[in-house]
There are 2 protein chains.
Amino acid sequence: MLEHMTSMAGIEQVLREASMRVTQPRVAVLAAVTANPHADTETIISAVHEGHPNVSHQAVYDSLKLFTNLGVIRQIQPQGHIARYESRVGDNHHHVVCRQCGNLEDVDCSVGASPCLHASNDHGFKIDEAEVIYWGLCPECQALDN
Amino acid sequence: MLEHMTSMAGIEQVLREASMRVTQPRVAVLAAVTANPHADTETIISAVHEGHPNVSHQAVYDSLKLFTNLGVIRQIQPQGHIARYESRVGDNHHHVVCRQCGNLEDVDCSVGASPCLHASNDHGFKIDEAEVIYWGLCPECQALDN
DNA sequence: CGCTTATTTTGAATGAGTCAAGATAAGAAA
DNA sequence: TTTCTTATCTTGACTCATTCAAAATAAGCG
């Protein structure tokens, strides 16, 4: 359903519908995010530079923010780590993060399709998303601790 | 049960048991965190300065990190916001954050005492905590949008 | 094809947080 | 109590992901 958003034709459509111009930096950034799940900004910049050496870091930052606002990609930023991005979006999945090495993996929601969206006391907030981060130790770091 | 940790005698005990010295900056920082739930570092520094004008920002940063590691306080850092601290700890509660103004409130767990600790696929991680952040709009910002 | 202006480039700036060296004070021992 | 050791604090410089701003460029409408 949603993968079309990250196909070449799909992204053009998404951008045009939002009255945004379809530029080379933007297309390259989205391709890089799709090809590098959970990559940080520096990794995205490097990936973009492989095909487009002259794209500035600012253009990458701008594009990442734009796509995040449009809901085409998602930003993840666990405590004490820099921002990462993923193009898997709209399926309400979560993440496990290793306390030691920062390694990050996807986790499907354990409670169902739209989990935990009901807080016990929402203080009058209109809640639209429940973000869940599982903290622990990845297999590699568990092995090192022995 | 756990409040004793933040009483004067309690914190001395906690620090001594961890072979840490009981210093004026540390006691002042813990008092400030307890008195200002969800405060950021700058607020903590200001609060500490009211009683101890000469305590350095570095001592505050060090103390906050120490207490966080000891489990006496908890650090919260929603995306795009700076770190905040709270002394309510050990009861596995969560937070609602306003997308617009950053306002933050406590939320008791909706799933029970130890919620969501079972990820559907944990990728072999040894999970010890499920951090949940509910995103939405606080009552004030909802009103402004009308 | 040319024009308008959204995007990009370039380069400097921001700011929460960290590092490091010397000064201070907690608390063990005498 | 006084001395001594060293953990902790003060001071001030520094990091680095991210943002800001002005001038240059290019998307895409007419």
Side-chain angles (χ1 to χ4, degrees), chain A residues 8-9 11-30 32-33 38-49 51-70 72-73 75-85 102, chain B residues 8-9 11-30 32-33 38-46 48-49 51-70 72-73 75-85 102 104:
Chain A
M8 205 56 91
I11 189 53
E12 284 205 24
Q13 193 186 342
V14 169
L15 285 172
R16 292 225 158 83
E17 280 172 3
S19 307
M20 296 289 164
R21 292 184 181 171
V22 179
T23 65
Q24 291 205 331
R26 284 175 180 168
V27 172
V29 165
L30 189 61
V33 172
H38 305 150
D40 60 18
T41 309
E42 198 184 313
T43 303
I44 303 293
I45 292 174
S46 299
V48 167
H49 279 178
H52 302 78
N54 299 318
V55 170
S56 68
H57 75 135
Q58 188 61 247
V60 174
Y61 273 102
D62 286 348
S63 299
L64 289 172
K65 182 173 280 185
L66 173 67
F67 288 132
T68 300
N69 291 338
L70 291 179
V72 178
I73 66 176
Q75 191 195 52
I76 322 158
Q77 189 166 23
Q79 299 223 2
H81 297 268
I82 61 180
R84 298 164 168 229
Y85 296 87
Chain B
M8 205 58 90
I11 189 53
E12 285 206 21
Q13 192 186 342
V14 171
L15 286 172
R16 293 226 158 81
E17 280 173 2
S19 306
M20 296 292 165
R21 291 184 181 173
V22 179
T23 67
Q24 291 205 331
R26 285 175 180 169
V27 171
V29 166
L30 188 62
V33 173
H38 305 150
D40 59 19
T41 309
E42 199 186 312
T43 302
I44 303 294
I45 292 173
S46 300
V48 167
H49 279 178
H52 303 78
N54 299 318
V55 170
S56 69
H57 75 135
Q58 188 62 246
V60 174
Y61 273 102
D62 287 348
S63 299
L64 288 173
K65 182 173 280 185
L66 173 66
F67 287 132
T68 301
N69 290 339
L70 291 179
V72 178
I73 66 177
Q75 191 194 51
I76 322 159
Q77 190 165 22
Q79 299 222 5
H81 296 269
I82 60 181
R84 297 165 169 227
Y85 296 88
L104 187 154

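Each chain gets a letter, A, B and so on, in the order the sequences are listed, and its residues count up from 1.
What separates CG of B:Asp40 from C1' of C:dG17 is a distance of 13 Å, to the nearest Å. Atom CD of B:Gln77 is separated from atom C1' of C:dA16 by 9 Å (rounded to the nearest Å). Atom P of nucleotide C:dG17 and atom CD of A:Gln79 are separated by 11 Å, given to the nearest angstrom.
Here the CZ atom belonging to A:Arg84 is positioned 11.0 Å from the CD1 atom belonging to A:Ile44, to the nearest 0.5 angstrom. Note that CZ of A:Arg16 and CD1 of A:Ile11 are 11.0 Å apart. Values are rounded to the nearest 0.5 Å.
A donor-acceptor pair under 3.5 Å is absent between the side-chain atoms of A:Gln75 and the main chain of A:Thr68, judged by distance alone.
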Which donor-acceptor pairs under 3.5 Å do side chains of residues 53-64 of chain B form with protein atoms, sequence neighbours excluded?
unit_1, atom_1, unit_2, atom_2, d
B:Ser56, OG, B:Ala59, N, 3.1
B:Ser63, OG, B:Ala59, O, 2.8

- side chain to side chain contact (heavy atoms under 4.5 Å, CB included) between A:Leu66 and A:Leu15, intermediate numbers included: CA-CA 10 Å; A:Leu66 173 67; A:Leu15 285 172; 4.1 Å; yes
- side chain to side chain contact (heavy atoms under 4.5 Å, CB included) between B:Arg21 and B:Arg26, intermediate numbers included: CA-CA 9 Å; B:Arg21 291 184 181 173; B:Arg26 285 175 180 169; 4.2 Å; yes
- Message: If you apply the rule side chain to side chain contact (heavy atoms under 4.5 Å, CB included), what do you find for A:Phe67 with A:Val33, and how did you get there?
- Response: CA-CA 10 Å; A:Phe67 288 132; A:Val33 172; over 6 Å; no
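Residues passing the side-chain contact (heavy atoms from CB on, under 4.5 Å) test with A:Glu42, sequence neighbours excluded: A:Asp40.
From the 5' end on, the contacts that DNA chain D makes with chain B at under 4.0 Å to a non-hydrogen atom open and close at D:dT6 to D:dG12.
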- Message: Does the protein touch nucleotides 24-30 of chain C at the base, only the backbone, or not at all? Give it as B, S and - per nucleotide, heavy atoms under 4.0 Å.
- Response: --BS---
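Of all heavy-atom pairs between B:Leu70 and B:Ala18, the closest is CD2-CB, 3.8 Å. Heavy-atom minimum distance, A:Ala28 versus A:Val48: O-CG2, 3.8 Å.
For residues 58-66 of chain A, proximity to DNA chain D is found at A:Gln58, A:Tyr61, A:Lys65, defined as any non-hydrogen atom under 4.0 angstrom from a strand atom.
Axis orientation changes by 30° from one end of the helix from C:dC1-D:dG30 to C:dA30-D:dT1 to the other, with each end axis drawn from 5 pairs and the value rounded to 10°.
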